[in-house]
Amino acid sequence: MKNSIGFLVVALAMFMFSCNTNTDEGIDIPEMSDELTLKSAEIAVAEVQAEAAVTECNYEVEFFANAEPILTRWWQMGNY
């Protein structure tokens, strides 16, 4: 789980910083301001954290849903 989040952060960082905003043909594209770059990075990190939280919740739901029959049998065996 932590490995996949780390991989996503590294891949996102590589993607964001590998793009070149200036071309070699002499056409200058205005660069984003630092504030805009920081805001987009914060949004990307928040999306990764939200996705990780949803994945963990789904894992816990499946775990407890699959464990319910086993726990019920143990409880029944304890009553006898």
Side-chain angles (χ1 to χ4, degrees):
M1 182 67 166
K2 290 182 181 180
N3 289 339
S4 62
I5 292 172
F7 176 77
L8 287 174
V9 170
V10 169
L12 182 64
M14 288 177 59
F15 175 76
M16 288 179 62
F17 294 113
S18 66
C19 298
N20 189 4
T21 57
N22 295 329
T23 61
D24 292 331
E25 289 97 31
I27 302 172
D28 290 334
I29 300 171
E31 294 185 22
M32 292 194 322
S33 67
D34 292 336
E35 184 178 320
L36 204 64
T37 304
L38 181 62
K39 189 68 172 174
S40 64
E42 288 175 356
I43 291 171
V45 169
E47 287 178 1
V48 169
Q49 289 175 342
E51 183 70 27
V54 168
T55 303
E56 188 172 340
C57 288
N58 288 338
Y59 171 77
E60 288 183 11
V61 166
E62 288 180 23
F63 175 77
F64 287 113
N66 291 333
E68 184 180 7
I70 295 170
L71 294 174
T72 303
R73 275 188 266 141
W74 286 352
W75 180 76
Q76 290 172 347
M77 287 180 359
N79 283 342
Y80 294 115

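Note that the structure is a prediction, hence the values are computed from the model and not measured. We use all heavy atoms of the structure for the numbers below, so side chains are in, but hydrogens, waters and symmetry mates are not.
Taking 4.5 Å as the limit, some side-chain heavy atom of M77 sits within range of a side-chain heavy atom of W74.
Heavy-atom neighbours of E68 CD from other residues, nucleotides or ligands within 6.0 Å: at or below the threshold of 12.
The distance from the CG atom of L38 to the CD1 atom of I43 is 10.0 Å, given to the nearest 0.5 Å.
When all heavy atoms of I70 and N66 are compared, the closest pair comes out as CD1-O, 4.4 Å.
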